[in-house]
Asks: 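The structure under discussion is supplied below as structure tokens; questions concerning it will follow.
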Amino acid sequence: MSDTTKTATRTQGPLLIELVEGRNVSFKNVTFSDEASFTRFEILFRRLNRKPRQRRTAHEARTAAPLPLGTPARSISIEIKDFLEDMRRSNLAPRSVAIYGQSLAALKHLHGDTLASAVERDHIRQLWDLMLWAPKNCFTDPRYAGKSAEELAHLGRLERARPAATATMVKHHTILCRFFNSLKKAHAISMSPMDGFKKPKLELANEHRKRPRWLTNDELQRIFNPETFTPWAKHHPHRWWAPMIGLYTGARVGEVAQMKVSDVECINGRWFFAIRKTVDSDLANSSGAISRQTLKGKSSERNIPIAQPLIDAGFLVYLQDLKDANCTRLFPHLTAGRNKKTGQTNALYSQGLVQQFRKYMKALGFDRDCRFHAFRRTLVSVLSAKGVRDRNIALLTGHAMRDQSQVIDHHYRGEVPEETIRRQVIALSKYRPSVVLPVYKKGQFDEQLKDKSRHHP
DNA sequence: GCAGGGGAAAGCTGTCTGAG
DNA sequence: CTCAGACAGCTTTCCCCTGC
């Protein structure tokens, strides 16, 4: 509404609006009974005041297009609430919904709580500055309550050492686009204020950017050095086994942490870790999630052959101990977590493991880029350096190889299972990190496995 | 030890594009 | 017309930190 001044006063009762100085039409002191009528009026008003077209093409209708029939946009906070609710309904991961909520929180700081349809490009420019400099926790910490976008950005400049990384801004950009696009699809707004905003280009030279990090043989030996590893791990099954499994499968930490006893399978005499999502019997009839396991995507689903060094280290003995103790999960002491508000599972078994492993690594003097994920990077890097083809590595790691060729991908992934297994086994046999794994003794975790009071579903 | 927020990166999928 | 590759859009993961 470039050449129109608009003031909307929100009182307890009806909405009051003044629209003056329009090109052709002006209104003063119009009263609306609710926000929906205000928005309908606003759309109509914009159409009436639109510049006349310079020229019509032959195909264009002579009469004005009908007004869109969508539900008019409501206030930002209501639209955000509904948007997040929609995400939940469409079965997105609880964590994803939370992240979207965090990014969208900044929007509520635009002139209080305006109508979603009133957000314009200039607002986004302001918002960008806020997101770039927002002080930590400023949308949740009560100390910042009531502050405007400008004030917050100003405080951030004083408090923060540097602005948010470009990658983070890319995420905010993505989420804002997604939010306004969904309003556009619902015909609640006619165009997205994000349309003119290009995605920020990632800065390759950023000195704060984390470097890809893999582990050298030396470093692997330090991690599994019996003098430090054994005392740290000997009372916790997940500390003992998860790093070893991570090392020899390259699986994501979440995939390792969530495995069930039934996910370790023997097929035609060969043992596999089945990375998959199965129903938890206690959740089967619930209205919410029916599994505490998650998969990043379709191509994550796979069977990974269990490497010989793991078997030599007594993994199958541990498996039998679990079965003897009637355990259903590979690491019964890890919890999936539970959302306090909804009571739903957080489906996040990895947290405890990640924190404990990171603490161990820190104590060994590893820098902060050395984490569990480094096992995955290491496996991929080593196999790649040995000339193993990407698609064969992907069969182990569960990466998607869509860009190769869908036909070929389909063929390699399960169409001919024996061929898939053959390729996996050949690839895995080329991975020989020079570590000596500690050997499990039968009954080593008897105490932990029998004390069910500390087990989680 | 866990819930939950935050920063950053990884990675999946739909769509466009341009060469053959 | 086909299809690999690039790109854009979107979702999920990893891991840190804080506060209880």
Asks: Verify the ring-centre separation between Trp241(A) and Phe331(A): is it less than 6.0 angstrom?
Replies: no

Asks: Given that His236(A) and Gln351(A) both sit by DNA chain B, which one's nearest nucleotide is further toward the 5' end?
Replies: His236(A)

Asks: Nearest whole Å is fine: how far is dG14(B) P from Asn181(A) CG?
Replies: 17 Å

Asks: With respect to the side chain of Thr174(A), which nucleotide from dC14(C), dC10(C), dA3(B) is positioned closest?
Replies: dC10(C)

Asks: Rounded to whole Å, how long is the line connecting atom OH of Tyr349(A) with atom C1' of dG1(B)?
Replies: 16 Å

Asks: Measure CD/Glu301(A) against C1'/dC12(B) and give the value in whole Å, please.
Replies: 15 Å

Asks: Which pair of heavy atoms, one from His235(A) and one from Phe445(A), lies closest together, and at what distance?
Replies: C-CE2, 3.9 Å

Asks: Give the rounded distance in Å between these two atoms: CG of Leu176(A) and C1' of dC10(C).
Replies: 13 Å

Asks: For His172(A) and for His333(A), locate the closest nucleotide of DNA chain B by heavy-atom distance; then report the residue assigned to the nucleotide nearer the 5' terminus.
Replies: His333(A)

Asks: With a 4.0 Å cut-off on heavy atoms, is Phe372(A) in touch with a base, just the backbone sugar-phosphate, or nothing at all?
Replies: sugar-phosphate

Asks: Please give, in whole Å, the distance from dC2(B) P to Arg358(A) CZ?
Replies: 20 Å

Asks: Would His456(A) and His333(A) count as a close aromatic pair, with their ring centres under 6.0 Å?
Replies: no

Asks: How many Å lie between CZ on Phe357(A) and P on dC15(C), as a whole number?
Replies: 9 Å

Asks: Ring centroid separation for Phe375(A) and Phe357(A), is it under 6.0 angstrom?
Replies: yes

Asks: Assuming nearest nucleotide by heavy-atom distance, tell me which of Val97(A) and Leu348(A) is located more 5' along DNA chain C.
Replies: Val97(A)

Asks: For a quick test of reading the model: is some side-chain N or O of Arg376(A) closer than 4.0 Å to OP1 or OP2 of dA9(B)?
Replies: no

Asks: How would you list, by chain and number, every residue that makes a ring-ring contact (aromatic ring centres under 6.0 Å, His included) with His172(A), sequence neighbours excluded?
Replies: none

Asks: May I ask you to evaluate whether Thr335(A) reaches the phosphate of dG1(B), defined as a side-chain N or O under 4.0 Å from OP1 or OP2?
Replies: no

Asks: Hey, does the side chain of His173(A) come within less than 4.0 Å of dA8(C)'s phosphate (OP1/OP2), counting only N and O?
Replies: no

Asks: Which of the following nucleotides, dT13(C), dC2(B), dC15(C), is nearest to the side chain of Thr294(A)?
Replies: dT13(C)

Asks: Run the ring-centre check on Phe180(A) versus Phe83(A) and record whether the distance is less than 6.0 Å.
Replies: no

Asks: With a 4.0 Å limit, can you tell me whether Arg252(A) has a side-chain N or O closer than that to the phosphate oxygens OP1/OP2 of dC14(C)?
Replies: no

Asks: From the list dC10(C), dC14(C), dC2(B), which nucleotide is the closest neighbour of the side chain of Arg178(A)?
Replies: dC10(C)

Asks: Between dT13(C), dG4(B), dC15(C), spot the one nearest the side chain of Ile99(A), thanks.
Replies: dT13(C)

Asks: Between Lys362(A) and Tyr100(A), which residue's closest nucleotide on DNA chain C lies nearer the 5′ terminus?
Replies: Tyr100(A)

Asks: In whole Å, I'd like the distance from the CH2 atom of Trp133(A) to the P atom of dG6(B).
Replies: 18 Å

Asks: Using whole Å, report how far CD1 of Ile175(A) lies from C1' of dC10(C).
Replies: 9 Å

